[in-house]
Amino acid sequence: HDEDDNLVGYDVEVARAIAGKLGVEVNYVEGEWDGLLAGLDAGRYDVMVNGVNVDDERQEKYDFSAPYAANRVAVIVSGDNDSIQSMEDLEGKNTANTITSTYAKLAQQYGAEVTAVDDLNQTFELLLTGRIDATLNDEVAYYDYMKNHPDANIKIAVLSEEAEEVAIPMRKGEETRTLRDAIDKALKELGEEGVLSELSEKYFGVDISVTAE
């Protein structure tokens, strides 16, 4: 999810379900978050199913599928840290994120000092050892981590009111239009059949799925 290869199971299964609807074989490529968008640009991949949040900057560069999930931004801190109660409290604090993620930009907007990391596990390691004050991420990154590390001494300090839409970016233009239409149709069916809800509950214990209208 935006920057998070820990949630790969959910996105892999969503991709597999879409492929099943389209009757195509999927060739999966794993990579660090920053390299995946670059691979999409270069034509090495057709789609990126990795919890990509839709923002204005990315919409200028890519054409997105209909959203298949939505989740809120969480400020995650160690269990005994009560110094952060709002986004404004991030000013002067140390956070960590992959540098091109939506969350790195958001943290910087609120005056945090962002440490660049390769992946989410590294972020949580910095948080648990007290080397950063907080990390901004999507809420499911937290649920997923806690599911796998139930004793981890971390908590959500702030949860945004608005949810971010998660969708599948493709290269812009006519060449991807038929693929985009087919993926949208598949996502609509998967939503209506309850498959997206089931997968979300399976991986996160909450339903973050969205069914296209």
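Bear in mind that the values here come from a model prediction, so they are computed numbers and not experimental data.
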Colleague: To the nearest 0.5 Å, tell me how far L120 CG sits from D138 CG.
Modeller: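 Here the rounded value is 8.5 Å.
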Colleague: Tell me every residue that passes salt bridge (Lys or Arg N to Asp or Glu O under 4.0 Å) with E175, counting only those two or more places apart in sequence or in another chain.
Modeller: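 Scan of E175 (salt bridge (Lys or Arg N to Asp or Glu O under 4.0 Å), adjacent residues dropped) gives R171.
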Colleague: Can you name the residues that form a side-chain hydrogen bond (donor to acceptor under 3.5 Å, both in side chains) with D151, not counting sequence neighbours?
Modeller: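 For D151, no residue satisfies side-chain hydrogen bond (donor to acceptor under 3.5 Å, both in side chains) once neighbours in sequence are set aside.
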Colleague: Side-chain contact, heavy-atom cut-off 4.5 Å: I76 with F124?
Modeller: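 Contact flag for I76/F124 side chains = yes.
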Colleague: Which atom pair, heavy atoms only, marks the closest approach of A141 to N137?
Modeller: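 So the two residues come closest at CB-OD1, 3.7 Å.
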Colleague: List the residues meeting side-chain contact (heavy atoms from CB on, under 4.5 Å) with M48, not counting sequence neighbours, and say none if there are none.
Modeller: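 Partners of M48 under the side-chain contact (heavy atoms from CB on, under 4.5 Å) test: W33, L36, L37, L40, N50, V52, P169.
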Colleague: Minimum heavy-atom separation for L126 and A96, please, with both atom names.
Modeller: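 The answer is CD1-CB, 3.9 Å.
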Colleague: Identify the two heavy atoms, one from I208 and one from S200, that lie closest to each other, and give their separation to 0.1 Å.
Modeller: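 Between these two residues, the closest heavy atoms are N-OG, 2.9 Å.
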Colleague: My understanding is that only residues two or more places apart in sequence, or in another chain, count here; which of them pass salt bridge (Lys or Arg N to Asp or Glu O under 4.0 Å) with E193?
Modeller: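 So E193 forms a salt bridge (Lys or Arg N to Asp or Glu O under 4.0 Å) with K21.
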Colleague: With sequence neighbours left out, write down each residue that passes side-chain hydrogen bond (donor to acceptor under 3.5 Å, both in side chains) with S78, or none if nothing qualifies.
Modeller: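 With neighbours one apart ignored, the set is D80.
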Colleague: Looking at residues at least two apart in the chain, or sitting in another chain, which of them share a side-chain contact (heavy atoms from CB on, under 4.5 Å) with D41?
Modeller: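 Partners of D41 by the side-chain contact (heavy atoms from CB on, under 4.5 Å) criterion, ordered by chain and then number, come out as K61, Y62.
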Colleague: Provide the closest heavy-atom pair for F64 versus A167 in the form atom of the first, atom of the second, distance.
Modeller: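 Of all heavy-atom pairs spanning F64 and A167, the closest is CD2-CB, 3.7 Å.
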Colleague: I'd like to check the salt bridge (Lys or Arg N to Asp or Glu O under 4.0 Å) partners of D207; sequence neighbours left out, ordered by chain and number.
Modeller: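 Result, salt bridge (Lys or Arg N to Asp or Glu O under 4.0 Å) vs D207: none returned.
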Colleague: If we only count heavy atoms from C-beta on, is the D119 to T98 side-chain gap below 4.5 Å?
Modeller: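 Side-chain contact under 4.5 Å: no.
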Colleague: Begin from the C-alpha positions of Y28 and R16 and carry the test side chain to side chain contact (heavy atoms under 4.5 Å, CB included) through to its verdict.
Modeller: CA-CA 10 Å; Y28 293 102; R16 192 173 287 136; 3.4 Å; yes
Colleague: Quick one: CE on M87 to CG on L159, what's the gap to the nearest 0.5 Å?
Modeller: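 So the CE of M87 and the CG of L159 are separated by 8.5 Å.
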Colleague: Could you tell me if N53 and Y103 have a donor-acceptor pair between their side chains, going purely by distance under 3.5 Å?
Modeller: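 Distance-only check passes for Y103 and N53.
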Colleague: Side chain to side chain contact (heavy atoms under 4.5 Å, CB included) for L187 and S65? Distances and angles first, verdict last.
Modeller: CA-CA 9 Å; L187 283 171; S65 71; 3.9 Å; yes
Colleague: Go through the structure and list residues passing salt bridge (Lys or Arg N to Asp or Glu O under 4.0 Å) with R72, not counting sequence neighbours.
Modeller: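 Once residues adjacent in sequence are excluded, the partners of R72 under the salt bridge (Lys or Arg N to Asp or Glu O under 4.0 Å) criterion are E139.
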Colleague: Checking side-chain polar atoms at under 3.5 Å, does Y68 have a donor or acceptor matched by the opposite partner on E165?
Modeller: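 No, no side-chain donor-acceptor pair sits under 3.5 Å.
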Colleague: Is there a donor-acceptor pair under 3.5 Å between the side chain of D63 and the backbone N or O of G173?
Modeller: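 Checking the backbone N and O of G173 against the side chain of D63, a donor-acceptor pair under 3.5 Å is found.
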Colleague: For A182, which residues count as a side-chain contact (heavy atoms from CB on, under 4.5 Å) partner, sequence neighbours excluded?
Modeller: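 By the side-chain contact (heavy atoms from CB on, under 4.5 Å) rule, A182 matches L22.
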Colleague: Is there a side chain to side chain contact (heavy atoms under 4.5 Å, CB included) between M170 and I168? Walk through the geometry before answering.
Modeller: CA-CA 7 Å; M170 287 160 255; I168 300 169; 4.3 Å; yes
Colleague: With a 4.0 Å cut-off, would you call K202 and E198 a salt bridge?
Modeller: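 No, no charged N to carboxylate O under 4.0 Å.
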Colleague: Look at the side chain of T129 and the backbone N and O of E125, then say whether any donor-acceptor pair between them is shorter than 3.5 Å.
Modeller: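 It does hold such a pair.
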Colleague: May I ask you to check whether over 12 heavy atoms, not counting those of Q85, lie within 6.0 Å of atom CD?
Modeller: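 Check passes, neighbour count above 12.
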Colleague: Counting only N and O atoms by type, is there a donor-acceptor contact under 3.5 Å from the side chain of Q122 to the main-chain atoms of D118?
Modeller: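 The answer is yes, because a donor-acceptor pair under 3.5 Å joins these two groups.
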Colleague: CG/L127 to CG/N94 distance, rounded to the nearest 0.5 angstrom?
Modeller: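 Here the interatomic distance stands at 11.5 Å.
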Colleague: Compare all side-chain heavy atoms of Y203 with those of E13 and state whether any distance is below 4.5 angstrom.
Modeller: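 A side-chain contact exists here, since the closest heavy-atom pair is under 4.5 Å.
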Colleague: Residues two or more places apart in sequence or in another chain: which of them pass side-chain hydrogen bond (donor to acceptor under 3.5 Å, both in side chains) with E174?
Modeller: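 side-chain hydrogen bond (donor to acceptor under 3.5 Å, both in side chains) check on E174 returns R177.
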Colleague: Looking only at heavy atoms, which two atoms of G51 and D11 are closest? And how far apart?
Modeller: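 Closest approach of G51 to D11: N-OD2, 3.2 Å.
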Colleague: After noting the C-alpha distance and the side-chain angles of D82 and K155, does the key distance pass the salt bridge (charged side-chain N to carboxylate O under 4.0 Å, His left out) rule?
Modeller: CA-CA 10 Å; D82 294 323; K155 65 182 180 185; 2.7 Å; yes
Colleague: A112: which residues meet the side-chain contact (heavy atoms from CB on, under 4.5 Å) condition with it, sequence neighbours left out?
Modeller: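 Counting only residues at least two positions away or on another chain, A112 forms a side-chain contact (heavy atoms from CB on, under 4.5 Å) with L90, T95, A107.
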Colleague: Does anything in residues 91-113 pair up under salt bridge (charged side-chain N to carboxylate O under 4.0 Å, His left out), and if so which pairs, sequence neighbours excluded?
Modeller: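 Sorted pair list: E57-K105.
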Colleague: Answer yes or no: is there a side-chain heavy-atom contact under 4.5 Å between I154 and Y145?
Modeller: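 Sidechains of Y145 and I154: in contact.
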Colleague: Could you report the tightest heavy-atom contact between V114 and A104, atom names first, then the distance?
Modeller: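 What the structure gives for the nearest pair is CG2-O, 3.7 Å.
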Colleague: Do the non-hydrogen side-chain atoms of L199 and V14 ever get within less than 4.5 Å of each other?
Modeller: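 Yes, close enough: below the 4.5 Å cut-off.
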Colleague: When rounded to the nearest 0.5 angstrom, what is the spacing between OG in S209 and CG in L190?
Modeller: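 Here the rounded value is 10.5 Å.
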Colleague: Rounded to the nearest 0.5 Å, what separation is found between the OH atom of Y143 and the NZ atom of K147?
Modeller: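 One gets 12.5 Å once the value is rounded to the nearest 0.5 Å.
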Colleague: With rounding to the nearest 0.5 angstrom, report the OG1 to CG distance, T135 to N97.
Modeller: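 Spacing of OG1 (T135) from CG (N97) equals 4.0 Å.
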